[in-house]
Amino acid sequence: MEKTDGGESTGGRSRSESNGTHYLAKCVLKGSVVLQALYGRFRSPFSYDVVFGRETSLELATIGEDGIVQSVCEQSMFGTIKDLAVLHWNDKFRAPIPQMQGKDLLVVLSDSGKLTFLTFSTEMHRFFPLAHIQISRPGNSRHQLGRMLTIDSNGCFIAVSAYEDRLALFSTSISAGSNIVDKKFFYPPEINEDTSSWRSSHRSPISGTIWSMCFISIKTGQVSQDELNPFLAMIIHRKGAALNELLLLRCNIQQHSLYVISKHSEAGPLALGVTEVPHISGLAFVFRLGDILLMDFRNPRRPCCIRINPSSNGGIEEHSFSEESCRSIDVDDEGIFNVAASALLELRDSGMNISKVDDPMNIDDGSDKSIGSPKIVSSWSWETHVSAGPKLIFCLDTGELFIVEVHADLEGFCINMSECLYRGLPCKTLLWATGGFIAALTEMGDGMVLKLENGRLLYESTIENIAPILDFSIVDCHDEKQNQIFACSGMGPEGSLRIIRSGISVEKLLRTAPIYRGITGMWTVRMKESDKFHSFLVLSFVEETRVLSVGLSFIDVGDAVGFQPDVCTLACGLLADGLLVQIHRMEVRLCLPTTSAHSEGISLSAPVCTSWCPNNVTISLGAVGHNLIIVATSNPCFLYILGVRLLSTHQYEIYDVQHIRLQNEISCVSIPRKSFEYEHLVSKIDSANRYNDFALPKGVEIGKTFIIGTHQPSVEVISLTSDGCFRILAVGVISITNALGIPLSGCIPQDVRLVLVDHLYILSGLRNGMLLRFEWPTLDSTYQFKETLIPHFSKKDNLLLNDSDPTELPYSAVSMMEKVDDYTPVNLQLVAIRRIGVTPVFLVPLCDSLDTDIISLSDRPWLLHSARQSLAYTSISFQPATHVTPVCSADCPRGILFVAENCLHLVEMVYSKRLNVQKFNIGGTPRKILYHSGSKTLLILSTGLYDGCSSEICCVDPLSGSILSTFKCDPSEMAKCMQLVTVGNEQILLVGTSQSTGRAIMPSGEAESAKGRLLVIALEHHTSDNTSLISCSKVGSTSASPFREIVGYAAEQLSSSSICSSPDEDSCEGVKFEETGIWHLRQVAAITFSGVVFSVCPYLDRYFLVSAGNIFHLYGFLNENLQRMRRFASARTRFTITALATCYTRIVVGDCRDGVLFFFYQEDQKKLEQLFCDPVQRLVADCALVDPNTVVVSDRRGNISVLSCSRYFEDSASPESNLTLDCSYNIGETVMSIRKGSFSYKFPVDDVLKGMDGGETVPNQVHNSIVACTLLGSVMVFIPITREEHELLEAVQARLAVHPLTSPVLGNDHREFRGRGPKAGVPTILDGDMLAQFLELTSVQQEAVLSSSGSSDTGSGSHSANSPISINQVVQLLERVHHALN
């Protein structure tokens, strides 16, 4: 049966039946290679934003005053970015909507074949397409437009080129709306037709490969002509030419003509790039091989230049030229190019043989490029805000950074070039941002932020880049069920081991002994409103309260504060400067701490305290705000508003301002504090919304408004007026049902918070683990609601407290409280519902500001992003905890205190780390990695070393990154692969090598004549009689501190899943005892093969497979003797074998052309028999068997495919029996390594989900997940799902792919993009990134998406494009997947 190139054979049939394999793919870590970096005002006219283009994703970030890059949002493109540019706002533009006024637009070229204009939506918190212009067919053809993009400095013209021969020019409209382009000019004119006939009759000036281009601002004196006919400089390489040409073109969009003003093609250094000098008319830099030219185009027909030699310490040579003028040629006028229309630049011949120049990307080559090699400018960037003359920073391929400054005056211009300001790795991208910060980004290592100060470049921070990932290992250390990925990252000198964890990175600072059992509450309190740091930590136990000072040591100061120690505290807080309040079941206690507790306390020997208690009832809960105390009782249900008045010096009285009978019991209460940051927040919001009518909802006044949750259940917003009245401002009734319409239990609010970001909204955490978001109605109704006024109760009413029966209250359920009129409050809109666990949800803001992010604590901690629409949250890389509070001190300004496993854990979220990745430098290029469970160490194979050794294998401690032992290969031998194999009761290491220096694979895929070896290496453990003492540094404390047993750890050496955090380890007071032992790697045997050994794999429990060229062999150890190996069988393929995988008796072989082949070993006949073959041709990068009949394979084109065979075919199988291509997925990035993983998307307790369809289960498939890592640093997870779940989500995905809110922003056809590779009709794996957008929408938007009609081709599932879909089903399923991957 014939194979097809990238498609299924005619005899094969795609399986979408019930027995098919169904997967959902989700990118858990987006690629970190930055290919483009731009600067602009995207969020608002006043923001300073940075955009990083990462081929398949975009990141919007900011560079703070401390030089640390903070990520604002990261967005999947569902397509491939080819080029980016900024269309800066022009005063001539008129925005169609006020929100766009003054904001820059992002212009993108992609494989969609469209020129896309993106604007940032603050509401959706991501980029949205403003307009698409079709310029070519989708794809990556070099003849189609879409390779390169440039925009003139005024934002009036946009030029787009193909890789070769094609150019398009667009003029922008002043409307800056959906019709942002008003005129177009394509060259050649027929963009969708064969232009060969046109080329045969026209000699094209741009016939060749376009290397670089830019607009040149040249003032000719004719204003109208300058605005309509832009100048374009272009570097082009013509086929067969030895050097590149520099062309200066002038375009006339109205006449659709292109004029060549001048060109240069004389012998000299190779021209590589060109960029315009901003703010100075007619100047441009041309970067050549070994030097730089400053071109003066002020006279377009007679230019001159100044030569700059970066290698001569800023040497500058000036060249002036006198040449014959030439006429302009209109290439659309059927003219023939018979005149050398050029301004010939008399350039010095470099004398270099270009073909012998070292490859600048060959990092493994240890040669010094600064000796005997011409230097190349690898990247450059202009200063963002020009104060004097324009400044250009550029990087050479040697890693040297220089700055060139251009000054212009009436007499001419001059150039000042600096010495080398910084030396590092060659930069792929440079970006000069505001504040003097410069982002320097590399392709295969970490970037950095530099700052220009006093003529020097100073290092500020790191921009992490974990690409390329050549191999990885998934490790679940000590069965913690929190996997982490150990990845081989980087190349050459930047080679490193990276530990990748999910969630937000947490740095563990302190940990106490497990002596804090029974904690019921924890708070941090300031002494004064304006204090920057917290003063006290309050710990509440079942029958005890402790107050500790916050600082280097946590000392018990309860006696000096005045809190009652023998009670369980319900709430506490700062009432006013120096006045602390404690609320417990019997009373409200006001305390004035002494100077023994705080330097700002009163100068008395004991604290001054006063109290208030209700009559014959107990307090159920309370809250403390600024000059406001709220307490509630449960039986009967009353709400008290308490105030404090000064009687005399240090003497205060707590009095009842107002109390009221309640219809429903209060479950929680929150008082938003009007902190000192509030005025700044409102001012910031007002500035960001200067074109909008922003205001708080009517009646809401921060400081006098509070929120309550009730057992109705509901949330209510209440304000206390100055005349002693309650005012019910808004009510949100909670009514949640499952898929069958049955109300869910446990929907009582556990916590509520008021958030103010752009607009006001309310968060509520429920007792059943759900999280809700309420918002005020739309603008039409928000400010027209009617208030409910409740007058002050008289003293007579107060007497009802003792003898009234709460069951006799006749009031409506709309409000919890008594009504006195017919007006009703505003009904809050429930815009989002999410489940984050199954235990009650507590909401803890990181600070008192209303726009801060919030820790949502349920089964585990999550960080809720308050600025995002709907509900967006990310897991915090920390173990499950019961309580949490922020703690701010001088030594730890961003500390967070968790209570977990009866210990107090002081941690700090590492905001400077955009990736939760830990780095250990290895050196060289790490290519393979294994985890050795016996020694609990990592085995890493590295190449490209600089000590004369071609490759080595090192044993690395995964906790500290220290190299424990190494095994160096022979200098003439290069290690290619390695694998652990069990022999008897021990594991040995098999290493495949190459003993040939040339290439190992022919271009046809066949194996070259080469030699290789298989090395057998034993891991030997040498022990001693002594016991080593590994001690962790301690933080100073006193004997009175509960942190006297705290263990302090070095930064980034602990995480929720780190190896040393196992409860099985023996530790005592920060001292860890472990057996001293050194693991040595010792070669015990070797076998030579006629071919390079690319892969090794264990088989069953007594064999191993090894491939050499296009042959693979089955070996075993006789009598478990490592020096006695026997070959049992061999088999041959047509092309070089690149991968081997086994599962039970099944063997899968992947080669570089025929794809994957299934084999079986017949022990009785000592024969390897081929059973099935791949229906398509593919260059296999890696493969993994999820079960004996299903294989997941990745190819070098960026596709992941799932193939399977039916069991009943095995008896009649033959080499010509094709595997069935179940499904495929185009990642858009090359996957080099895939592994099996374990991801369960089921909640521990799934009671609330039992209302969903029972349907099909996925038995034993929790371990059939697949993890894949790419060359760009992405991490993908493929989770198996049931047929019913696949059909449901497939219908949702079809709707999301075409809905304006969620469709691919670059204009790609989503199904076509993810389905690239196989033929039409092959099912695609579900796109988890597309589906994840559904959770970012509000409930109204979700309904709109599901009610819309999706794409017509959605598969053969039960959910058609127009069938109704339950929102609850979709949200619950996606939530579970989101939890599993976090």
Do Ile515 and Asn902 have side-chain heavy atoms sitting under 4.5 Å apart? no

More than 12 non-hydrogen atoms from neighbouring residues, nucleotides or ligands closer than 6.0 Å to CG on Asp66, yes or no? yes

Give a yes or no answer on whether the side chain of Thr882 reaches the backbone of Val899 with a donor-acceptor pair at less than 3.5 Å. yes

In this structure, CE of Met909 is separated from CZ of Arg894 (nearest 0.5 Å) by 9.0 Å

Side-chain contact, heavy-atom cut-off 4.5 Å: Phe1278 with Ile1200? yes

Evaluate side chain to side chain contact (heavy atoms under 4.5 Å, CB included) for Leu863 paired with Ile855, printing each intermediate quantity in order. CA-CA 5 Å; Leu863 183 66; Ile855 296 178; 4.3 Å; yes

Under 3.5 Å side-chain donor-acceptor pair for Thr925 and Thr943: no

Could you tell me the separation between the OG atom of Ser1194 and the CE atom of Met1232, rounded to the nearest 0.5 Å? 8.0 Å

Verify, without hydrogens or angle tests, whether Arg511 (side chain) and Lys508 (backbone) share a donor-acceptor contact under 3.5 angstrom. no

So, Ser489 side chain and Leu497 main chain: donor-acceptor pair closer than 3.5 Å or not? no

Are Leu1081 and Ile953 close enough that some pair of their side-chain heavy atoms sits under 4.5 Å apart? yes

Smallest heavy-atom separation, Leu904 atom then Leu539 atom, equals CD1-CD1, 4.1 Å

Below 4.5 Å, heavy atoms only, C-beta onward: do Ile1017 and Val1084 meet side chain to side chain? no

Under a 4.0 Å N-O cut-off, is there an ion pair linking Glu59 with Lys30? no

Check: Val449 and Thr462 side chains under 4.5 Å, non-hydrogen atoms: no

Evaluate side chain to side chain contact (heavy atoms under 4.5 Å, CB included) for Leu537 paired with Leu897, printing each intermediate quantity in order. CA-CA 10 Å; Leu537 170 66; Leu897 201 61; 3.5 Å; yes

With no hydrogens and no angle check, just 3.5 Å: does a side-chain donor-acceptor pair link Glu973 and Thr993? yes

Check the pair Val1096 / Leu1014 against side chain to side chain contact (heavy atoms under 4.5 Å, CB included), numbers first and verdict last. CA-CA 9 Å; Val1096 181; Leu1014 178 70; 3.8 Å; yes

Starting from the C-alpha separation in whole Å, work towards a yes-or-no answer on salt bridge (Lys or Arg N to Asp or Glu O under 4.0 Å) for Lys919 and Glu494. CA-CA 11 Å; Lys919 176 183 179 182; Glu494 279 293 293; 3.5 Å; yes

Verify the neighbour count for atom NZ of Lys26: are there more than 12 heavy atoms of other residues, nucleotides or ligands below 6.0 Å? yes

Between Lys968 and Glu952, does any side-chain N to carboxylate O distance fall below 4.0 Å? yes

Is the backbone N or O of Met522 less than 3.5 Å from a side-chain atom of His883, with the two atoms forming a donor-acceptor pair by type? no

Determine the minimum heavy-atom distance between Asn465 and Met444, stating which atoms define it. ND2-N, 4.0 Å

Is there a side-chain contact between Arg498 and Phe486 (heavy atoms, below 4.5 Å)? no

With no hydrogens and no angle check, do the side chains of Ser1233 and Asp471 hold a donor and an acceptor under 3.5 Å apart? yes

Closest non-hydrogen contact found for Ser1274 with Gly31 is OG-N, 2.8 Å

Between atom SG of Cys955 and atom CG of Leu964, what is the distance when rounded to the nearest 0.5 Å? 5.0 Å

Interatomic distance, CG@Leu941 vs CG@Leu930, rounded to 0.5 Å, equals 9.0 Å

Any donor-acceptor pair under 3.5 Å linking the side-chain atoms of Asn921 with those of Ser496? no

Testing the basics here: between Val33 and Ala467, what is the closest heavy-atom pair and its distance to 0.1 Å? CG2-CB, 3.0 Å

Evaluate the ring planes of Trp1079 and His1021, with Trp represented by its six-membered ring, and classify them as parallel (under 30°), tilted (30 to 60°) or perpendicular (over 60°). parallel

Using atom types as modelled and distance alone, determine if a side-chain donor or acceptor of Ser858 lies under 3.5 Å from a backbone N or O of Arg860. no

Answer whether the closest heavy-atom distance between the side chains of Arg1082 and Phe967 falls below 4.5 Å. no

Step by step, would you call His932 with Leu1019 a side chain to side chain contact (heavy atoms under 4.5 Å, CB included)? CA-CA 10 Å; His932 184 236; Leu1019 289 86; 3.7 Å; yes

Please find the pair of heavy atoms, one from Ser461 and one from Ile68, that lie closest to each other, and give the distance. OG-CA, 3.7 Å

Are Leu939 and Leu989 close enough that some pair of their side-chain heavy atoms sits under 4.5 Å apart? yes

Which atom names give the shortest non-hydrogen contact between Val1267 and Phe472, and what distance separates them? O-CZ, 3.3 Å

Parallel under 30°, tilted from 30 to 60°, perpendicular over 60°: which one fits the rings of His905 and Phe878? perpendicular

Here's a test for you: under salt bridge (charged side-chain N to carboxylate O under 4.0 Å, His left out), which of Lys928, Lys1236, Arg1235 qualifies with Asp1182? Arg1235

Kindly compute the distance separating CD1 (Ile1234) from OG1 (Thr1270), expressed to the nearest 0.5 Å. 13.0 Å

Check: Thr524/Thr885 side-chain N/O donor and acceptor closer than 3.5 Å: yes

From Asn1264 CG over to Leu1185 CG, what is the distance, rounded to the nearest 0.5 angstrom? 10.5 Å

When you measure from the side chain of Thr839 to the backbone N and O of Asp859, does any donor-acceptor pair fall under 3.5 Å? yes

Which of parallel (below 30°), tilted (30 to 60°) and perpendicular (above 60°) describes Trp862 and Tyr873? perpendicular

